[in-house]
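Throughout, a chain's letter reflects where its sequence line sits, starting with A, and its residues are numbered from 1.
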Protein chains: 2
Amino acid sequence: MKRKITLKHIARELDVSISTVSKALKNSEEISADTKEKIQAFAKFYNYKPNNIAVSLKNKSTKNIGVVIPDIVHHFFTTVFRGIELYANAKGYNVIACVSDESFAKEVLSMEMLSNGSVDGFIMSLSAETQQKNDFNHLKEVTAQGIPLVLFDRVTDDIKCDKVILNDKEIAYEAVTKFIDGGRRRIALVTTESYFNVSEKRSEGYKAAHLDHGIPVNEDLCLILHHKEINLQAIKIFFEKQQIDAVLCVNELFAVQCMGVALKMGFQIPEDISFIGFTDGILSQNAQPALTTVAQHGEKMGAVAAELLINRVEDDSQEESINYLTEIIEATLIERDSTIN
Amino acid sequence: MKRKITLKHIARELDVSISTVSKALKNSEEISADTKEKIQAFAKFYNYKPNNIAVSLKNKSTKNIGVVIPDIVHHFFTTVFRGIELYANAKGYNVIACVSDESFAKEVLSMEMLSNGSVDGFIMSLSAETQQKNDFNHLKEVTAQGIPLVLFDRVTDDIKCDKVILNDKEIAYEAVTKFIDGGRRRIALVTTESYFNVSEKRSEGYKAAHLDHGIPVNEDLCLILHHKEINLQAIKIFFEKQQIDAVLCVNELFAVQCMGVALKMGFQIPEDISFIGFTDGILSQNAQPALTTVAQHGEKMGAVAAELLINRVEDDSQEESINYLTEIIEATLIERDSTIN
DNA sequence: GATAGTCACGCAAACGGTTTCGTGTTGATA
DNA sequence: TATCAACACGAAACCGTTTGCGTGACTATC
C-alpha cells in the first residue's frame with residue numbers, strides 16, 4: 001500500500017528543493033528545461049497529484065459547494081441537484097449534499113458543519129420548518145461571513161442574495177385559464193399549508209385567473225392535503241361534497257392520488273374532471289391517464305443556481321454593495337391525457 | 001463583512017500564544033482555569049470555529065466521504081444516498097455526491113477528483129458502462145492508495161473490498177414461487193441487458209424457482225427492455241405473442257408500463273395476469289392497481305454501507321491482510337393489488 | 001578586469017491548526 | 001538558602017502547497 005507521493009518526496013529523491021519541484025510542475029519559466037523535464041517525468045511516473053486539502057488551505061478556496069435541500073427522495077429536488085452537480089463538475093467543483101429533512105435544526109446544523117471552511121458557497125432551498133418559523137439567522141450568519149449563498153425555489157425576501165425561482169404564479173394562472181377556456185367553472189385547488197411560499201404563489205395565480213375572467217373565487221374549492229399521509233379519504237369527501245370539473249394540484253403526487261379517487265368514483269378523466277399537476281416526474285408520465293403537468297425544469301434551475309453561485313465565488317472584486325440577481329425559470333405546461341386539448 | 005476569526009487573532013488580542021489558545025479551547029489541563037475561561041469566553045463571543053481545512057490537513061482526515069452513483073433521479077439510489085447521508089452525518093461526516101450518469105469516463109473522473117485528499121473513503125455503485133467494460137482500474141488505484149472503498153448493489157468480484165448487496169436471487173426466487181404456488185405457469189421475466197449483475201441475479205432466481213418446481217424455463221418468456229425508451233410497443237407485441245399469466249419485472253417502471261399495456265389490452269389484474277416489480281417507490285405505491293413489489297430497503301443499505309466505510313476509515317490498525325465483509329440486505333415482498341393473496 | 005545582468009534555483013513565510021517539548025516562575029522542602 | 005517539582009505557558013515543528021524574494025554562478029559589456 002503505497003501512500004500518496006508529495007512534493008517533499010520528489011524533492012528529496014531528485015535532490016532539489018520543494019519550491020523547485022512545485023515550480024517545475026507548473027511549468028514555471030524560472031526553472032531550466034532540463035530540470036523541468038526530469039521532475040515532470042518523475043512526477044508522472046509516480047502519478048503525483050497535488051493534495052487538494054493543502055491547496056485549499058493555501059488558496060482559501062475549496063472548490064466545494066454545499067447544497068442543502070429539504071428532501072432527496074423527491075423528483076424535483078433531485079433534478080435540481082442533478083443540474084447543480086453537472087454544472088459544478090464541469091467547472092471543477094464538487095458538491096457536498098446535505099438533506100435538511102424539512103427540519104430547521106438539521107438545516108442549521110448542516111450549514112454550521114460546512115461553513116467552517118468546507119465549502120466556498122451554498123445553494124439551498126428552505127425547509128418547511130424554516131419557512132414556518134421564519135427564522136433565517138443561520139443564513140444571515142453565513143452571508144455575513146462573506147460566504148456566497150444562492151436560494152432556489154423555496155426562497156425568502158428576508159435574505160439578500162441571489163435567487164432562482166419558478167414563475168409559479170404565472171404558470172398557475174395559465175393552467176387555470178386553460179381550464180376556464182375549456183368551459184370549466186368549478187375548478188379545485190389542491191395544495192399544502194400556505195407557509196410554503198411556492199404553494200402560496202400558485203394559489204395567487206389560481207385566484208388571479210379567476211378574477212381576471214370574472215369568476216368568483218370559492219374558498220370551498222380549495223383542499224389542503226398533507227405530505228406523506230393517506231389523503232384518499234379526504235379527497236373522496238371533497239369530491240362528494242363539491243361539484244368539481246377541474247383540479248389544479250400543486251404537485252404530481254396529489255394529482256395522481258386525486259385522479260385515482262376520481263376514477264374509483266366513476267368520473268371520466270378528462271371529460272368529467274380535468275387534472276393538471278406540478279412536477280413532470282415519473283408519476284405524471286406513467287399515470288393512467290397520463291397527467292398534464294407543469295414542468296419545472298429542475299435541471300435548468302440547478303444549473304442557473306450553480307452558475308450564479310460560482311460567479312459570486314470567483315468574483316474577487318471587493319465591492320461591498322452587491323447587486324443581487326433573481327433569475328426566473330419559465331415553467332411550461334406539458335399537455336397529456338388528463339386535460340382536453 | 002467580518003471574516004472568520006482564527007487562533008492567531010485570539011492570541012494577539014488576548015496577548016497569549018497560539019498554542020495556549022488552542023489548548024485552552026480544548027480544555028487542556030496544561031492551562032490555568034483563569035486563562036481558559038478568558039479565552040473560551042472570548043472565542044465564544046466571536047463565535048470562533050476551527051477551520052476544517054486546516055484541521056483536515058493536520059489530521060490527514062477530511063471527515064468527508066465520496067459517494068459515486070450512476071443516477072440521482074432514481075428512487076432506489078436516492079434512498080440509499082439518504083441512508084448514507086443520515087448515518088454519515090450522525091457520525092460527523094459530510095457526503096460529497098458524484099453522479100456517473102452510467103458513464104465509465106465520468107466515474108473515473110469523479111474518483112480522480114476526489115481521491116487527492118478530498119475524501120476519506122468511497123461508497124459507490126458501478127455505472128452500466130463500467131460493468132460492460134469490466135474495467136476496474138480506477139477502483140484498484142484507489143484501494144492501492146489505502147483509501148477505503150465500499151461497493152453496494154452493483155458490485156464486482158474483481159475488487160477486494162467491503163460490499164453491501166441485496167439477496168436478489170433469493171427474493172426473485174420467492175416472488176416466482178409465489179406465482180407458481182398461485183397456479184401460474186407462464187411467468188414472464190421483464191429485464192434489462194444482462195451486464196447488470198443485479199438483473200443477472202434476479203434472472204437466476206427466476207430460473208431456479210422454475211427448475212425446483214419442475215417447470216421448464218422458456219426463453220421466449222423473457223423480455224428485455226431498455227431504460228428511458230418507449231417500450232410500450234414491444235410490450236404489446238410480447239403480450240400478444242405469448243400467453244402470459246404472471247410477470248416479474250426487475251424494476252417498478254417496467255412493471256407499471258407493462259401493467260398499463262395489459263390493462264389497455266383488456267386483461268384483468270391480478271386475475272388474468274399478476275405482476276411483481278422491484279423497488280418500492282412512488283410508482284409502485286400509486287399505480288393502478290397498486291403494485292406488489294420487492295422492497296430493497298435502500299436506506300438500510302446506505303446506512304450499512306456508511307457504517308462499513310466509517311469503520312474502515314477509523315480503524316487505525318496497520319494490518320495488511322484485511323478481512324473484507326459482504327453484508328446482505330434482506331429484501332421483502334410487499335403485497336398489494338397486482339397479485340392475488 | 002571590474003561591473004552589470006541573467007539564469008536557475010533555494011530560502012522562508014504563509015495558509016490555520018495540533019502537539020511535543022522546552023523553559024521561566026513559583027512555592028515547598030530540606 | 002540551595003534544590004526541585006509542579007505549574008503555566010511559549011517556541012517550534014509539522015501537515016503539503018504556493019510564491020516573493022534573495023543569491024551564487026555564469027556570461028556579457030565596456
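Ring-plane geometry between A:Tyr46 and A:Phe42 is classed as tilted, the angle between the planes lying from 30 to 60 degrees on a 0 to 90 degree scale. Between A:Phe76 and A:His74, the ring-plane angle classifies as perpendicular under the 30° and 60° cut-offs.
As rounded to whole Å, 15 Å separates atom P of D:dT19 from atom CD of A:Glu29. Rounding to whole angstrom units, CG of residue B:Asn59 and P of D:dG16 are separated by 12 Å. Rounding to whole angstrom units, CD1 of residue B:Ile53 and P of D:dT17 are separated by 14 Å. Separating the CG atom of B:Leu7 from the C1' atom of C:dT18 is a distance of 9 Å, rounded to the nearest angstrom. Going from atom CD1 of A:Ile31 over to atom C1' of C:dT6 covers 14 Å, rounded to whole Å. As a whole-Å value, the separation of A:Ile39 CD1 from D:dT18 P is 13 Å. Nucleotide C:dC15 holds its P atom 15 Å from the CD1 atom of B:Ile5, rounded to whole Å. To the nearest angstrom, C1' of C:dG16 lies 12 Å from CD1 of B:Ile10.
As judged by a 4.0 angstrom heavy-atom cut-off over every strand, B:Lys58 is placed among the base-contacting residues. B:Thr6 comes within contact range of the sugar-phosphate backbone alone, with a heavy-atom separation under 4.0 Å but no base atom that close.
Side-chain nitrogen and oxygen atoms of B:Ser22 include at least one within less than 4.0 Å of the OP1 or OP2 phosphate oxygen of C:dT18. OP1 or OP2 of D:dG16 has not a single side-chain nitrogen or oxygen of A:Tyr48 nearer than 4.0 Å. For D:dG10, the OP1/OP2 oxygens have a side-chain nitrogen or oxygen of B:Ser17 closer than 4.0 Å. An OP1 or OP2 oxygen of D:dC15 is reached within less than 4.0 angstrom by a side-chain nitrogen or oxygen of A:Lys8. For the pair A:Ser32 and C:dC9, the criterion of a side-chain N or O lying under 4.0 Å from OP1 or OP2 is met.
In terms of position on DNA chain C, the residue among B:Lys49 and B:Lys23 whose nearest nucleotide sits closer to the 5' end is B:Lys49. Along DNA chain D, the nucleotide closest to B:Ala54 and the one closest to B:Val16 are compared, and the more 5′ of them pairs with B:Val16. Remark on DNA chain D: of its neighbouring residues A:Lys26 and B:Ser19, the 5'-side contact belongs to B:Ser19, judged by nearest-heavy-atom nucleotide.
In this structure, B:Glu141 and A:Asn47 approach most closely via the heavy-atom pair OE1-ND2, 3.5 Å. What you find for A:Asp153 and A:Ser125 is that their closest heavy atoms are CB-OG, 4.0 Å.
Taking the ring centroids of A:Tyr48 and A:His9, they lie at or beyond the 6.0 Å cut-off.
When the nucleotides C:dT19, D:dC9, D:dT18 are ranked by their closest atom to the side chain of B:Glu30, D:dC9 comes out on top. Counting only heavy atoms from C-beta on, B:Leu57 has its side chain closest to C:dG16 among C:dG16, D:dT18, D:dC9. Taking only side-chain atoms of B:Val55, from C-beta outward, the nucleotide of D:dC9, D:dT19, C:dG17 with the closest atom is C:dG17.
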Step by step, work out the salt bridge (Lys or Arg N to Asp or Glu O under 4.0 Å) result for B:Glu327 and B:Lys300. CA-CA 11 Å; B:Glu327 297 280 353; B:Lys300 174 86 184 295; over 6 Å; no

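Side chain B:Thr35 to base D:dA8: no donor-acceptor pair is found below 3.5 Å.
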